Amino acid sequence: DGGITQSPKYLFRKEGQNVTLSCEQNLNHDAMYWYRQDPGQGLRLIYYSQIVNDFQKGDIAEGYSVSREKKESFPLTVTSAQKNPTAFYLCAATGRGHTEAFFGQGTRLTVV
Amino acid sequence: AQSVTQLGSHVSVSEGALVLLRCNYSSSVPPYLFWYVQYPNQGLQLLLKYTTGATLVKGINGFEAEFKKSETSFHLTKPSAHMSDAAEYFCAVSESGTYKYIFGTGTRLKVLA
């Protein structure tokens with residue numbers, strides 16, 4: 001099946017640790033996104049990438065980093081600089097011929 | 001700058017009653033408009049979208065929305081609510097030719113038996 005796979009579904013992080021969230025797509029879409037979701041705040045854009053080896057900061061990029069070495073992969077690292085990382089993280093992709101974004105199932109990150 | 005406003009963070013309806021979820025947007029260019037649904041601990045699923053053409057758009061699960069340019073609105077409706085419609089609904093806007101999407105803060109729909 002074509003789609004977007006996020007892993008893991010649940011992730012626990014100790015304070016001061018970096019963690020990496022995986023996002024893989026087999027839709028052959030050019031653009032990929034990371035959103036953070038908090039209750040009552042909707043989805044906020046962290047980073048997005050339109051092509052391989054290029055990415056742009058979104059509205060809340062501080063404390064996060066990304067890479068786009070392959071078209072199908074767009075991992076997100078939550079660094080220790082992110083002071084409040086507990087949230088639900090959603091990866092999405094969109095491409096030519098599609099106006100809508102396609103979403104993965106999300107990763108719930110909890111700081112313990 | 002684009003923005004999306006969803007009126008009502010929580011909406012309750014009785015089973016079988018009309019569902020109306022409100023969305024207003026601002027955009028300096030003709031927008032693309034979307035409604036997504038999210039079930040607990042899952043990603044977002046597209047319900048329907050407006051890009052160009054007919055302003056009344058039909059989506060999955062009996063939902064529809066009407067693009068009203070004069071009111072800058074894109075309200076979501078369903079004639080008869082079902083228990084399975086209980087979820088969170090997000091309105092989103094993007095400008096044609098760009099890759100950026102702006103989401104509203106969401107409306108949680110509760111369906112009462």
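Since the structure is predicted, the reported quantities are computational estimates derived from the model, not experimental observations. Letters A, B, ... mirror the listed sequences (proteins, then strands); counts begin at 1.
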Hydrophobic cluster membership, with links at side-chain heavy-atom distances under 4.5 Å among I/L/V/M/F/W/Y: are [X] and [Y] in one?
X	Y	value
B/Leu47	B/Met83	yes
B/Phe63	B/Leu44	no
B/Tyr89	B/Phe67	yes
A/Tyr35	A/Met32	no
A/Tyr89	A/Tyr33	no

Out of the candidates B/Tyr101, B/Tyr36, B/Phe90, only one should pair with A/Leu43 under the side chain to side chain contact (heavy atoms under 4.5 Å, CB included) rule; please name it.
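Only match with A/Leu43 under side chain to side chain contact (heavy atoms under 4.5 Å, CB included): B/Phe90.
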
A/Thr99 versus B/Tyr32, closest heavy-atom pair with distance
CG2-CE1, 3.4 Å

Calculate, to the nearest 0.5 Å, the distance between atoms CG and CD belonging to B/Leu33 and A/Glu100 respectively.
13.0 Å

Which bit of [X] comes within less than 4.5 Å of chain A, counting heavy atoms only: side chain, backbone, both or neither?
X	value
B/Thr51	side chain
B/Leu46	side chain
B/Gln38	side chain
B/Gln45	neither

For A/Gln41, is it the side chain, the backbone, both or neither that has a heavy atom under 4.5 Å from a heavy atom of chain B?
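Backbone only.
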
Side chain / backbone / both / neither for A/Gln6 at chain B, heavy atoms under 4.5 Å:
neither

Can you establish whether the number of heavy atoms outside B/Arg22 located under 6.0 Å from its atom CZ is more than 12?
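Count not over threshold, so no.
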
I'd like to know which of A/Gly106, A/Gly104, A/Ala101, A/Gly40 tops the heavy-atom pair count under 4.5 Å against chain B.
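Top option by heavy-atom pairs under 4.5 Å: A/Ala101.
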
Of all the residues in residues 48-78 of chain A, which have a heavy atom that comes within less than 4.5 Å of a heavy atom in chain B?
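At a heavy-atom separation under 4.5 Å, chain B is reached by A/Tyr48, A/Gln50.
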
For chain A, which residues from residues 102-113 of chain B lie under 4.5 Å away (heavy-atom distances)?
B/Phe103, B/Gly104, B/Thr105

